[in-house]
Amino acid sequence: MKEQLQNIKETTLAEIAGISDAKALEDLRVKVLGKKGELTAILKQMGGLSAEERPVIGQLANEVRTEIEKALSDKQTALKSAQLAQQLKSESVDVTMPGTRFEAGKRHPLNIVLEDLKSIFRGMGYTVVDGPEVEETKYVFDMLNTDEGHPARDPQDTFYITEKILLRTQTSSVQIRTMLKEKPPIAIISPGRVYRSDAVDATHSPIFHQCEGLVIDKKVRFSDLKGTLEIWAKRLYGEDIKLRFRPHHFPYTEPSAEVDLQCFKCGGTGCPLCKGEGWIEMLGSGMVHPQVLINCGIDPEEYSGFAFGIGLERIAMMRYNIDDMRLLYENDSRFLTQF
Ligand code: DAH
C-alpha cells in the first residue's frame with residue numbers, strides 16, 4: 001500500500017508539472033482526489049489494515065494528499081498568472097503609436113458658391129425654391145413665350161424624354177411653376193441642375209448649374225433689377241466691382257440684358273481670364289415679358305417683375321481661377337481639398 005501511495009504521488013506530481021491548462025488540471029484533481037479518485041480508493045481499503053499499520057499508512061496517505069493538493073494549487077496559481085501575463089501582453093496599448101487619421105470632408109466649390117448666393121439673396125428677403133429637373137416642355141418653353149420654332153428647343157441641343165418631357169435646359173421653368181402657385185409679391189431664387197446636349201470640354205458640360213431669380217410686385221422697374229444685381233455682385237466680389245448691362249434678347253423678358261462684371265483679376269485692363277475684354281459675362285436677365293405674366297394669370301397692368309439666371313460654374317471658375325470645368329465634376333480629392 002505504501003508503494004501504491006508513493007506511486008500515486010510521483011505520477012500525479014509528474015502529471016501536474018506537465019499540465020498547461022486549467023481544465024486538464026481540474027480533471028486530474030478529480031481523477032486522483034475525487035470521490036471515485038485513485039487516492040480515495042486506497043483510503044477506503046485502510047479498514048483491512050492491522051492496528052500497527054493503519055496510523056503509519058494513514059499518516060503517509062495524508063502527507064501524499066497534502067502534497068498533491070499543494071502542487072495542484074501552486075499549479076493553478078501559476079496558470080492564472082501566466083494567463084494574465086498573456087492577456088496583458090495581447091491587450092497592451094502603445095500610447096505613443098500614431099493614431100488613425102480621419103479625413104474631414106470639404107465643401108465642393110460649387111456648393112460654396114451656391115451657399116453664398118443663397119445667403120446673399122435670403123438677406124434681401126428672397127425664398128429659395130426647388131423645381132423638377134425632368135420637366136414638361138410647357139414649363140421650360142411654351143409658357144416662357146418660347147414657341148415651337150425657337151432654336152433653344154432644338155432636339156440637337158436638348159435631352160428629350162418624350163416630345164413633351166425633357167431634362168430642363170434652364171431653371172427658368174421654376175418661374176412659371178412659382179407664378180402659377182403663388183400670388184405676388186414674389187421674390188424667389190431657384191438653384192439647380194440643368195441639361196444640354198453639349199460635348200464635354202474645358203468650358204462645356206452636358207450637366208451644369210444655374211440659379212434663377214424672380215421678383216414680381218407692383219411697380220417693379222428695371223432699376224430694381226440693376227440695384228439688386230449690383231448688391232449681389234458687390235457682396236460676392238467686393239464694393240469696387242462694376243457691372244455692365246448689355247442689350248440682349250430672351251423670349252421671356254422685355255427688355256432683356258446680359259450682365260457682365262468688370263474683370264476682377266485685371267480690373268478691366270484686359271488679361272487672359274477675361275480674354276483681353278476687361279469684362280466677363282455672368283448672367284442673363286430682364287423684365288418679365290407681359291405675355292409670361294398673362295400665361296400665369298398675373299395681370300401685367302397691375303404687376304411687373306424682373307428675372308435673372310446665373311451660371312454657378314462660371315462664378316466658381318472665376319472666383320477660384322479654375323481653367324477647366326471638368327475639374328468640378330471629376331471628384332478628384334487633390335483638387336477638391338484645395339477649397
Ligand atoms: N435662362 C437663361 C439661360 O439659360 C438665363 C436667363 C436669362 C434667365 C434671362 C432669366 C432671364 O430668368 O430673365 O441662359
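Computed from a prediction, not measured in an experiment: that's the story for all the values here. Note that the numbering runs from 1 along the sequence shown for the chain. The figures that follow rest on heavy atoms only: side chains count, while hydrogens, waters and symmetry mates do not. Counting convention: from 1, in listed order, for ligands and their atoms alike.
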(message) Determine whether a donor-acceptor pair (N or O, by modelled atom type, separation under 3.5 Å) exists between the side chain of S333 and the backbone of L336.
(response) no
(message) Between E212 and S190, is there a side-chain donor-acceptor contact under 3.5 Å, judged purely by atom types and distance?
(response) no
(request) Please identify each residue that fulfils salt bridge (Lys or Arg N to Asp or Glu O under 4.0 Å) with E10, with sequence neighbours left out. (result) none
(request) Might you list the protein residues in contact with ligand 1, defined as having a heavy atom under 4.0 Å from one of its atoms, sorted by chain and number? (result) Q170, S172, Q175, R196, Q210, E212, F250, Y252, T253, G284, S285, G286, A307, F308, G309
(request) State plainly whether the residues K23 and E26 are in salt-bridge range, i.e. N to O under 4.0 Å. (result) no
(request) Assess K106 against F339: is NZ or CZ under 6.0 Å from the centre of the six-membered ring, and within 45 degrees of the ring's axis? (result) no
(message) Distance to the ring centre below 6.0 angstrom and angle to the axis at most 45 degrees; does that hold for R193 and F208?
(response) no
